[in-house]
S.K.: 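I'd like to ask some things about the structure below.
Lettering follows sequence order; numbering is per chain, from 1.
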There are 2 protein chains.
Amino acid sequence: MRSVTIRDVAARAGVSVATASRVLSGHPATSPASRANVDAAVAELGYRPDARARSLRKTRTGTIGILVSDVRNPFFAEIAYAVERRALQAGMATVVCNADESVDQQDRYLDLLVEQRVDAMVIAPQGDGSGTLREVLGLGIPVVFVDRTLADGSDGSDGSDGSDGSGDVSVPSITSDNRTGLREAVEHLVALGHRRVGLIAGPQETSTGRERLRAYREAAAAGDLDPDPALVAQGDFQHASGVAGARRLLDLDDPPTAIIGADSPMTLGALEVLRERGVRVGEDVSLVGYDDLAAFSLVTPALTVVAHDPARMGALAADAVRDLLAGRPASSAVLPAHLVVRGSTGPARRPA
Amino acid sequence: MRSVTIRDVAARAGVSVATASRVLSGHPATSPASRANVDAAVAELGYRPDARARSLRKTRTGTIGILVSDVRNPFFAEIAYAVERRALQAGMATVVCNADESVDQQDRYLDLLVEQRVDAMVIAPQGDGSGTLREVLGLGIPVVFVDRTLADGSDGSDGSDGSDGSGDVSVPSITSDNRTGLREAVEHLVALGHRRVGLIAGPQETSTGRERLRAYREAAAAGDLDPDPALVAQGDFQHASGVAGARRLLDLDDPPTAIIGADSPMTLGALEVLRERGVRVGEDVSLVGYDDLAAFSLVTPALTVVAHDPARMGALAADAVRDLLAGRPASSAVLPAHLVVRGSTGPARRPA
DNA sequence: CCACCTCGTGGAACCGTTTCCATGGAAACG
DNA sequence: CGTTTCCATGGAAACGGTTCCACGAGGTGG
């Protein structure tokens, strides 16, 4: 059952392959008669053009790749959805890939996307911008970072050894303001009298993980919080590490009176632990989440969260891709994040 | 900046294109010398094979498509994730597409996947199996249905006009037992004394929407519930319709004492409405959700839900695809669904 | 009436691979 | 030593489209 090609269509329509191709791609130099014949032949034979062959000859594939860490995280699902939707409007298909918070898998998918010759990529990167990601950036394929970047947000006095190695290639990025969101959260807790505030941090291989941790530390110092390093539990942005992190924090000899989760799956995990232990959220321990999931308003007490806008990030990333593909310079953006105070944060309880 | 091709590699390595190709694809008939030369040339030039050209010559693309209704629905995100993960293990890439609960968009993506010549598709179909979907099924591309099918689950005395038009092509499907789950939910509510049970139903263009509605009606009849048709609010599996449906039900002159949501986004929407109106869930009105999201255990009271296993569905669907691609017959499966009773369902309150 | 331009058309090259087939040399065998 | 077998190799034909180029017919202006 060989599939029907443009040659079959041309034969059936009684025209040359060249003419058939022109009709199919809407080239103006075609007679009405040819058009009718070709269209009829297409319908009769059930012809489906082969996108691979087409794109091999043209330079474009009409496909963009989006590489996020985990589609099961609603935050990234929303981004992927927004990018895809916007891309489809522009007639482009989207390949969604899951790096699964693993650099290896990220590299694997980067290779895949390059080999598929996607026209552009939207990436939520992780790692230090060495290895495969670096190579890929050098290839000249339009890339837009979303949510994360390689270098850190604002200033950057933490560059390990000067020759950072990530900033030489300029990549537009659509991120959100991690510093402000987390700072507001800490200030809010300070105002409520908390002195020992725990953070379930994100992986330090990601800019968001680093920035949120840094903002936490700076705000903690400014608010004169207990700088005990044990108050930072290292997580990996996934559910299980939220569970583990919350347990570790609660098991401290002097446990925190408030906990901040650096993303929503970890926050959910922490919440489960609090429930399981019968800790009253907002009274015994305050909890601040990240990302404003619908479900976060429905738990009791409703969660105080740092909110930002993944749908908008995705849309802007898609716009940036469109600009890049059109040869225009694409602009980066840092979207605002802000604290939404609900019931899960309350006055610090005096340690027993 | 023309990209480097296998010809460049061959030239640099001092071998023919044929030999270079053999080395690259691990063909045994290559000398160690050639291998070394080619590998060196590849590294020096940064050569990346072109998957399109390769797949054009071979017959396989090494890509499968997965077409679900909405990746923002955690249920489908989990399925997509599972399929992708399993496929990657088998060395295949996955293209994720969003039909967005719209037949038009489904058709659009079906065309896209066919033109990309994916080796197989995993589809959560909607519509009546006419139009594009039907054509695609006739193309001989291996297809596996997941979560939904075209025909209805068990018997099927509802086939509108005999010549159903969907059963002629046999497609393996991995679904879950919609009837049992919903029946258990209704029976549970009946046992609690509820007589007027509302359903926020899924779209009747989907098998899951139809089956859950039918199961509701059958169980309602068996349990001697009030058969008032106004108790069924027609939704579309998306959040907003859950909100609208719940409002409509609560605004009835004689509102239901219990509500069942036919999927999780609609359930979440309904829950929001109950909260917003100050209705005490599990006391004033009982609520049963569909899909066992992590967040559903964390709301207060925890939600009674019909649980099933999207991760397993995705994995089985990927296995079925693997079988089909290997020429083996693929087996369908109906996974169990069961009621998980938590705090959101309680004794019926006497209507005021 | 001729030169010119426009327009629809078909032949053929090309995109970057894989793979069939023929070839030549070396090794194995009698 | 001659013949067969084996194996690495290169040339060239696919795969299924698009597009360059040349060509002939018909219309227009001088």
S.K.: Does atom CZ (Arg85(A)) have a neighbourhood of more than 12 heavy atoms from anything else shown, all under 6.0 Å?
M.R.: no

S.K.: Please report, rounded to the nearest Å, how far the C1' atom of dG10(C) is from the CG atom of Asn37(A).
M.R.: 16 Å

S.K.: From the options dA8(D), dT9(C), dG17(D), select the nucleotide whose nearest atom is closest to the side chain of Arg7(A).
M.R.: dG17(D)

S.K.: Nearest to the Arg22(A) side chain among dC20(D), dG17(D), dA8(D), which nucleotide is it?
M.R.: dC20(D)

S.K.: The side chain of Ser16(A) lies closest to which of these nucleotides: dT17(C), dG11(C), dG16(D)?
M.R.: dG11(C)

S.K.: Any idea which of dT9(D), dT18(C), dA12(D) is nearest the Val17(B) side chain?
M.R.: dT18(C)

S.K.: Need one value for Ser21(A): base, sugar-phosphate or nothing, where a base atom within 4.0 Å counts as base even if backbone is also close, heavy atoms only.
M.R.: base

S.K.: Checking all strands, does Ser34(A) fall into the base, sugar-phosphate, or nothing category for heavy-atom contacts under 4.0 angstrom?
M.R.: sugar-phosphate

S.K.: Under 4.0 angstrom, heavy atoms only, what part of the nucleic acid is Arg60(B) near: base, sugar-phosphate, or nothing?
M.R.: nothing

S.K.: To the nearest angstrom, how far is Asp50(B) atom CG from dC14(C) atom P?
M.R.: 18 Å

S.K.: Tell me: NE2 of His27(B) to C1' of dT19(C), nearest whole Å?
M.R.: 8 Å

S.K.: Could you give the CG-to-P distance, from Leu24(B) to dT17(C), as a whole number of Å?
M.R.: 9 Å

S.K.: Can you tell me if Ser31(A) touches the phosphate of dT9(C), counting only side-chain N or O atoms and a distance under 4.0 Å to OP1 or OP2?
M.R.: yes

S.K.: Whole angstroms only, please: what is the CZ-P distance between Arg52(A) and dC14(C)?
M.R.: 22 Å

S.K.: Any carboxylate oxygen within less than 4.0 angstrom of a Lys/Arg side-chain nitrogen, looking at Glu101(A) and Arg148(A)?
M.R.: yes

S.K.: Considering only side-chain heavy atoms of Arg54(A), which listed nucleotide, dG11(C), dT19(C), dT18(D), is closest?
M.R.: dT18(D)

S.K.: What nucleotide among dG10(D), dG16(C), dG10(C) has an atom nearest to a side-chain atom of Leu56(B)?
M.R.: dG16(C)

S.K.: Looking only at the side chain of Lys58(B) (C-beta and beyond, no hydrogens), which of the listed nucleotides dT9(C), dC15(C), dT19(C) gets closest?
M.R.: dT19(C)

S.K.: Should we count CZ of Arg48(B) as having more than 12 external heavy atoms under 6.0 Å?
M.R.: yes

S.K.: Using a strict 4.0 Å threshold on nitrogen-to-oxygen distance, state whether Asp128(B) and Arg134(B) make a salt bridge.
M.R.: no

S.K.: How many Å lie between CZ on Arg48(B) and P on dC15(C), as a whole number?
M.R.: 22 Å

S.K.: Starting at the 5' end of DNA chain C, which residue's closest nucleotide do you reach first, Ala20(A) or Pro49(B)?
M.R.: Ala20(A)

S.K.: Give the rounded distance in Å between these two atoms: CD1 of Ile6(A) and C1' of dT9(C).
M.R.: 14 Å

S.K.: Decide yes or no, distance alone: a donor-acceptor N/O pair under 3.5 angstrom between the base of dT18(C) and the side-chain of Arg57(B).
M.R.: yes

S.K.: Check whether any side-chain heavy atom of Leu67(B) lies under 4.5 Å from a side-chain heavy atom of Val122(B), and answer yes or no.
M.R.: no

S.K.: Starting from the 5' end of DNA chain D, give me the residue, Val15(B) or Ala53(B), whose nearest nucleotide shows up first.
M.R.: Val15(B)

S.K.: Does a donor on one side chain sit under 3.5 Å from an acceptor on the other, for Arg52(A) and Ser55(B)?
M.R.: yes

S.K.: Applying a 3.5 Å limit to both distances, which nucleotide forms a Watson-Crick or G-U wobble pair with dG30(C)?
M.R.: dC1(D)

S.K.: If you only use heavy atoms from C-beta on, which nucleotide in dT9(C), dG16(C), dA12(C) is closest to the side chain of Ala18(A)?
M.R.: dA12(C)

S.K.: Name the nucleic acid region contacted by Arg35(A), choosing base, sugar-phosphate or nothing; use a 4.0 angstrom heavy-atom cut-off, strictly under.
M.R.: nothing

